[in-house]
Amino acid sequence: MREIVVSSSIKVCLPEELSSADRQLVDEARKATQRSYAPYSRFNVGAAVRLADGTVVTGNNQENAAYPSGLCAERTALFWANAQYPQVAVDALAIAACNDAGELDAPITPCGACRQVILEVERRFGRKIRLILYGTNRCYIVEEGMEALLPLCFSADFL
Ligand code: THU
């Protein structure tokens, strides 16, 4: 038997070390947390998408009393972006979260379903999405594309 090792490179930095472009997108994601609808989890997530032409769109988690009917912030933002600008690639996605105690120290990372959707958007436009995950004491930046967070991923290549 042979073993394959799958590795990913994720950059870690302090919030103040973010570039101004990343910082701006993160700030939009942080603001979007304030507009989230999360009465059940009380966990507010914001996402900000920067398109290849510089347009920024935001989304947040939208919950529902029938829990699975809700949607995460990342998918709300990406679906909205793709619905409004179907010809424009996505360049970057920033994610931030807060709960009743305030903003989280450590960044949250997208759930599996959101990773799959981010991957699809990358494949759709043939362009890797820069992922910026915000926490008050550290940020993660993923520049390698979604395969870094979704090894052995399923995609249209199999169909
Ligand atoms: N949530 C997101 O919006 N994005 C994530 O990456 C993780 C989880 C939402 C879903 C739900 O409304 C709440 O956070 C708690 O899971």
Side-chain angles (χ1 to χ4, degrees), residues 6-13 15 17-38 41 43-64 66-98 103-104 107-135 138-159:
V6 185
S7 64
S8 312
S9 158
I10 296 165
K11 293 191 169 148
V12 187
C13 69
E17 292 173 324
L18 290 170
S19 69
S20 83
D22 286 352
R23 179 80 209 185
Q24 278 175 31
L25 201 62
V26 156
D27 286 345
E28 291 301 324
R30 293 169 70 200
K31 280 189 252 169
T33 63
Q34 302 304 307
R35 302 187 292 270
S36 112
Y37 178 67
S41 70
F43 189 74
N44 303 102
V45 185
V49 171
R50 185 175 64 231
L51 301 180
D53 65 2
T55 304
V56 171
V57 303
T58 61
N60 39 45
N61 50 332
Q62 298 292 319
E63 297 187 346
N64 192 286
Y67 291 0
S69 301
L71 196 63
C72 291
E74 297 91 323
R75 279 176 285 163
T76 303
L78 284 170
F79 288 154
W80 194 91
N82 287 170
Q84 298 302 315
Y85 306 101
Q87 312 296 343
V88 190
V90 172
D91 178 46
L93 170 65
I95 303 166
C98 63
E103 291 190 302
L104 306 187
I108 67 154
T109 54
C111 78
C114 288
R115 292 178 197 206
Q116 188 70 35
V117 168
I118 297 166
L119 176 75
E120 184 79 21
V121 177
E122 287 186 341
R123 297 290 172 93
R124 172 177 176 169
F125 295 104
R127 180 175 174 139
K128 288 180 173 152
I129 297 175
R130 178 181 182 80
L131 196 63
I132 310 142
L133 309 175
Y134 175 80
R138 65 178 182 276
C139 298
Y140 296 149
I141 299 176
V142 182
E143 295 175 323
E144 290 188 334
M146 204 32 55
E147 278 174 69
L149 297 188
L150 206 54
L152 303 181
C153 52
F154 181 82
S155 74
D157 296 345
F158 291 108
L159 300 176

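The figures here come from the full heavy-atom set of this structure, side chains too, leaving out hydrogens, waters and symmetry mates. Note that the structure is predicted; figures quoted are calculated from it, not measured.
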Go through L25 and I132 one step at a time and tell me if the side-chain contact (heavy atoms from CB on, under 4.5 Å) criterion holds.
CA-CA 8 Å; L25 201 62; I132 310 142; 4.1 Å; yes

Side-chain heavy atoms of L131 within contact of M146, under 4.5 Å
yes

Using modelled atom types and a 3.5 Å cut-off, is there a donor and acceptor pairing between side-chain atoms of S8 and backbone atoms of L149?
no

Flag for Q24-D22: side-chain donor and acceptor within less than 3.5 Å:
no

Consider only side-chain N and O atoms of S36 and N44, and report whether a donor and an acceptor are under 3.5 Å apart.
yes

Side chains of V117 and E74, heavy atoms from C-beta outward: is any pair under 4.5 Å?
no

With heavy-atom distances below 4.5 Å as the criterion, would you say the side chains of V26 and P15 are in contact?
no

Can you list the residues that meet the side chain to side chain contact (heavy atoms under 4.5 Å, CB included) rule with E17, with sequence neighbours excluded?
C13, L14

E122 side-chain N/O to I129 backbone N/O, donor-acceptor pair under 3.5 Å:
yes

Okay, side chain of N61, backbone of F43: is any donor-acceptor separation there less than 3.5 Å?
yes

Check K31 with D27, please: is the shortest side-chain N to carboxylate O separation under 4.0 Å?
no

Nearest heavy atoms of E144 and A148, plus distance in Å
OE1-CB, 3.5 Å

Indicate the atoms forming the closest heavy-atom contact of F158 with C153, along with that distance.
CE1-O, 3.4 Å

Under a 4.5 Å cut-off applied to non-hydrogen side-chain atoms, are F125 and L51 in contact?
no

Heavy-atom pair of closest approach, residues A77 and V57:
O-CG2, 4.0 Å

What are the two closest non-hydrogen atoms of A29 and A94, and how far apart are they?
CB-O, 3.6 Å

Would the distance check show the side chain of Q116 and the main-chain N or O of F154 forming a donor-acceptor pair, the cut-off being under 3.5 Å?
yes

Measure from the side-chain N and O atoms of E28 to the backbone N and O of T58, and report whether any donor-acceptor pair falls under 3.5 Å.
no

Between G59 and A32, what is the shortest heavy-atom contact and its length?
O-CB, 3.5 Å

Taking side-chain hydrogen bond (donor to acceptor under 3.5 Å, both in side chains) as the test, write out the residues that go with D157, two or more places apart.
R123, S155

Looking only at non-hydrogen atoms, find the nearest pair between R115 and P110 and report the distance.
NE-O, 2.7 Å

If the test is side-chain contact (heavy atoms from CB on, under 4.5 Å), which one of L93, D91, I141 qualifies with R130?
I141

